[in-house]
Amino acid sequence: MRLAGRRSLDVADIRELDAIVFGEGDFRVPTERRPAPPALARGDLLHLGPLRAVVRDLLGHPRFVRLRFAGTPDRIWEGLARHGRPIQYSHLPEPLALWDVWTSNAALPVAFEPPSAGFVLSWKVLEEIRARGARLATLTHAAGLSSTGDPELDRRLPLDEPYFVPPATAEAVRHAKRSRARVIAVGTTVVRALEHAAAGFRPFARAGFGTATQRLGPASALSVV
């Protein structure tokens, strides 16, 4: 079971999660070669280590489901921390530990897969960027999956991604735009969050919580980044 989406970044809003289901195998089998799971139906009860979850819905594909976990938010987080594992990659000889996939400037545990662009931003690099006169700002985003192993499901990527733009970041964007400076975003998901936060507010980004639903492509017209 690979967790893939949630409705918001609210720590307590963890009972319902979307997930991709796989058949037998482990990370040494490339994702696209994993077999299909047993047929699932609404109401099926799943035992996931210490956690129990019910299949609430099939999301237009037999491998894409919405789960509702039993228990309190604290119990669910504890179960995920104890039983869950970071997404693994078949080209690596050893399994990844949690500290292998946590970016140096990460805050809340909201990403479903490591936000790869963030790994270039060591504290040394950030200090060098700041020394060149750039102003740094952050946002929180639930980076989604890069692959499901299924061509039909992959065409639905990226899934909806909740985000939070702090007031200080929104103000930094406003200042940059009014000063005719550049806003540089590290990572596609960051771009997606900022551009979604600008809807009806262009060329500025609105502070607060939101869920990015749009896609970026060659025809995208960026107004913030």
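One-based numbering along the sequence shown.
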Self-check item: Note: Arg192-Glu161 ion pair, threshold 4.0 Å (strictly below)
Solution: yes
Quiz prompt | Geometric cation-pi criterion Arg63 and Phe22, 6.0 Å radius, 45° cone | solution = yes
Quiz item: Do the side-chain N and O atoms of Asp160 and Thr213 include a donor-acceptor pair separated by under 3.5 angstrom?
Solution: no
Practice problem: Before giving the answer on side-chain contact (heavy atoms from CB on, under 4.5 Å), spell out for Asp18 and Leu159 the whole-Å C-alpha distance, their side-chain angles and the decisive distance to 0.1 Å. | Solution: CA-CA 10 Å; Asp18 297 342; Leu159 302 175; 5.7 Å; no
Quiz item: With a distance cut-off below 6.0 Å to the six-membered ring centre and an angular limit of 45° from the axis, does Arg15 pair with Phe69 as a cation-pi contact?
Solution: no
Self-check item: Phe27 CZ to Glu94 CD distance, which is reported to the nearest 0.5 Å
Solution: 7.0 Å
Practice problem: Verify whether one side chain among Asp154 and Thr148 offers a donor that lies under 3.5 Å from an acceptor in the other. | Solution: yes
Practice problem: May I ask you to say whether Arg82 pairs ionically with Glu78, meaning some side-chain N is under 4.0 Å from a carboxylate O? | Solution: yes
Quiz item: Between Arg34 and Glu24, does at least one N-O distance fall below 4.0 Å, as a salt bridge requires?
Solution: no
Quiz prompt | Student check: side-chain heavy atoms of Leu46 and Arg52 closer than 4.5 Å | solution = no
Quiz prompt | side-chain hydrogen bond (donor to acceptor under 3.5 Å, both in side chains) partners for Arg178, two or more places apart | solution = none
Quiz item: Hey, are the side chains of Arg56 and Arg42 touching, using non-hydrogen atoms and a 4.5 Å cut-off?
Solution: no
Quiz item: Would Leu153 end up clustered with Leu157 when hydrophobic side chains under 4.5 Å apart are linked, directly or stepwise?
Solution: yes
Quiz item: If you round to the nearest 0.5 Å, how far is CZ of Arg156 from CG of Asp150?
Solution: 10.0 Å
